[in-house]
Amino acid sequence: MIKIDINNELKYIEKVRKINEGKNIKYYILTMGCQLNENDSEKICGMLENMGYAKTDDINNADLVIYNTCCVRENAEEKLFGKLGEVKKLKEAKGTIIAIGGCMMQEKHIVDKIKKSYKYDVIFGTHTLHKFPQDLYNAIIENKKVTDILDIDGEIIEGLPIKREDNIRASVTIMNGCNNFCTYCIVPYVRGRERSRAPEDILNEIKELAKKGYKEVTLLGQNVNSYMRVERERGEAISEINSFSKLLKSVNEIEGIEKIRFISPHPKDFTDGVIESIRECKKVSKFIHLPLQSGSSKVLKVMNRVYTKEQYLSLIEKMKKTIPDVRFSTDIIVGFPGETEEDFEDTLDVVRKVKFEQIFMFIYSRRKGTPADKMEEQVPEEIKHKRFDRLKALYEEIIAENNKEYIGTVQDILVEGYSKTNDSFLTGRTDSNKVVIFEGDSDLIGKITKVKIISEHMWYLRGEVIKELRLEKN
Ligand code: SAH
Ligand code: SF4
Ligand code: F3S
């Protein structure tokens, strides 16, 4: 593992801060894509606030606009081009600085297109996040267009300032990149090879969070449960904490943290050790995201997912037997090349059998440079959409069924604050990530509270705080 020295880059934070001093300068940031990108954006915000920028949600008030981009599906890319079209007017009117970063910038054809047809000041990639202050400095001082993309691999960046979105729940990236090369997926090309942060850096970060009053952490990575795998194979995992199962146990011991989640694991890395840690560790959520992608063994093979329908289902069975009250969410792609009606029925079959609490459903999107893009049997758009609608209908049936099972149960809810849609209710989530709203005092915010579920409303549950238990706890 190569930790890169970022001290030189961080000096630019001070330089930009001096330029900005006393100027009341504002930034606007839009983050697309997954939680890893959101976590990167928190670091961008951390750097910016140290550089004297204040955040604004009104793009028209911003001196600097940052887009942190995603390229996992075509619609994410279209979104950026739409935004770049809009921000052009702002730049022409008041000279707004435009910075574009993230996964999409690691694609050469996209950077070429932006350079040719759009306005920008800084383009930075996923491997140059730490150089953002320097790039911004060069753009402001020298009035240059800066493109700073690297294709290197294996490096770990530690020590960037961070400005977190929330003060109860925090995300902690534990590994970067992906080595799986699922044939539909662009991520390994834009995020580089799998590499894990040192356990002591992760644990120190979480201990600091606990000290600041954070209650929940989500461990992030494209393949979290293969944490330290490549390092182990290369003989570089020197700490005793050299696997995901051991990391979970160590995080579980951190005082103050009450809930631990992780996303995304891969079914192939769900070892007995990981299952055992989930069962044993009281704080680890029993709500597991287990990406299925397809229920057809034939499609899974072409996707390079390295498990079959039967192996997936027996993993689910094993976890249900080992971990009391375990529940599942998943990701499913509809319309992968060569997917027949029969293959799709296999997907529906797995959905019926597992009764997922949450399904993230995606229509297959061709990604330039991936093997699946070159496959001949692309499924027509109309069929993809029809299958998507059928999957969605089944999902809604299952949610309604699952929801009924909650009524009358008592759930431990980490109270997040007042509901955004109705501020006379508090809101929080069950372990299985279902939103629950209920009446209660503001002193419950940030605490785990027992709530009895009284009714279900498709996308949320209504509950009542159990008063006696709360008094006992106090
Ligand atoms: N590493 C994670 C997440 C990857 S991206 C994992 O393996 O689960 C999140 C989801 O986007 C994937 O799980 C997959 O369902 C979906 N996805 C990835 N590439 C896609 C594509 N080309 N078209 C449609 N969906 C895609
Ligand atoms: Fe993409 Fe597969 Fe890696 Fe997930 S595991 S990021 S789907 S290549
Ligand atoms: Fe998108 Fe990059 Fe995440 S491509 S899904 S933002 S890793």
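In this chain, residues are counted from 1 in sequence order. Every number for a ligand or one of its atoms is a count from 1 in the order of the listing.
For T370, no heavy-atom contact with ligand 1 is shorter than 4.0 Å. Contact annotation for Y184 and ligand 1: heavy atoms of both the backbone and the side chain come within less than 4.0 Å of the ligand. When heavy-atom distances to ligand 1 are checked against a 4.0 Å cut-off, Q293 comes that close only through its side chain, counted from C-beta outward. With a heavy-atom cut-off of 4.0 Å, R73 touches ligand 1 through its side chain alone. Within the 4.0 Å heavy-atom criterion, both parts of V72, backbone and side chain, lie near ligand 1. Contacts between N37 and ligand 3 below 4.0 angstrom, taking non-hydrogen atoms only, involve the side chain exclusively.
Between Y27 and Y53, the ring planes are perpendicular. Angles over 60° get that label, and only those under 30° would be called parallel. The aromatic rings of Y12 and Y137 stand perpendicular to each other, their planes meeting at an angle above 60°, with 30° marking the opposite boundary.
Counting backbone and side-chain atoms alike, C34 contributes an N/O/S atom closer than 2.8 Å to atom 3 (Fe) of ligand 3.
Using a 4.0 Å heavy-atom cutoff, R191 is absent from the residues neighbouring ligand 2. Within the structure, the closest approach of I333 to ligand 1 falls below 4.0 Å when heavy atoms are considered. Residue contact annotation: Q222 has a non-hydrogen atom under 4.0 Å from ligand 3. The closest approach between R367 and ligand 1 falls below 4.0 Å for a heavy atom of the residue.
At a 3.5 angstrom cut-off on N or O pairs, D331 counts as close to ligand 1. Looking at S365 next to ligand 1, an N or O pair under 3.5 Å apart turns up.
Distance from atom 24 (C) of ligand 1 to its nearest protein heavy atom, with residue and atom name: I363 O, 3.4 Å. Annotation: atom 1 (Fe) of ligand 3 to nearest protein heavy atom, C70 SG, 2.4 Å. If you check which protein heavy atom lies closest to atom 6 (C) of ligand 1, you get S264 CB, 3.9 Å. Of the protein's non-hydrogen atoms, Q222 OE1, 3.4 Å is the one closest to atom 2 (C) of ligand 1. Annotation: atom 7 (O) of ligand 1 to nearest protein heavy atom, R305 NH1, 3.9 Å. Looking at atom 8 (O) of ligand 1, its nearest protein heavy atom turns out to be P291 CG, 3.2 Å.
Taking the six-membered ring for Trp and the full ring otherwise, Y189 and F181 have centroids separated by under 6.0 Å.
D269 and N223 share a donor-acceptor pair across their side chains, judged by distance under 3.5 Å alone. Of the N and O atoms on the side chains of Y406 and S432, at least one donor lies less than 3.5 Å from an acceptor on the other residue. Of the N and O atoms on the side chains of S243 and S245, at least one donor lies less than 3.5 Å from an acceptor on the other residue. Side-chain contact annotation: E38 with S171, donor-acceptor N/O pair under 3.5 Å absent. Between the side chains of T173 and N39, at least one donor N or O lies within less than 3.5 Å of an accepting N or O. Using modelled atom types, one finds a donor on one side chain and an acceptor on the other under 3.5 Å when comparing D431 with S285.
Within the sub-2.8 Å shell of atom 3 (Fe) of ligand 2, the protein contributes these N/O/S atoms: C178 SG.
The distance from atom NE2 of H130 to atom OG1 of T128, rounded to the nearest 0.5 Å, is 7.0 Å. Distance check, rounded to the nearest 0.5 Å: OH of Y307 to OH of Y312 gives 6.5 Å.
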**Item:** Criterion salt bridge (Lys or Arg N to Asp or Glu O under 4.0 Å) on K108 and D112, from CA distance to verdict
**Value:** CA-CA 6 Å; K108 190 176 175 304; D112 290 345; 2.8 Å; yes
**Message:** One pair to check against salt bridge (Lys or Arg N to Asp or Glu O under 4.0 Å): R387 and E339. What are the steps and the verdict?
**Reply:** CA-CA 11 Å; R387 286 186 188 155; E339 183 190 76; 2.9 Å; yes
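Checking side-chain atoms of R191 against main-chain N and O of H127 turns up no donor-acceptor pair under 3.5 Å.
Ligand 3 places these atoms under 4.0 Å from at least one heavy atom of C103: 2 (Fe), 4 (S), 6 (S), 7 (S). The distance from ligand 2 to the heavy atoms of Y184 drops below 4.0 Å at these ligand atoms: 7 (S).
Using a 4.5 Å heavy-atom cutoff, the side chains of L414 and R429 are not in contact.
A pairwise comparison of heavy atoms in E231 and S196 identifies OE2-N, 2.8 Å as the closest pair.
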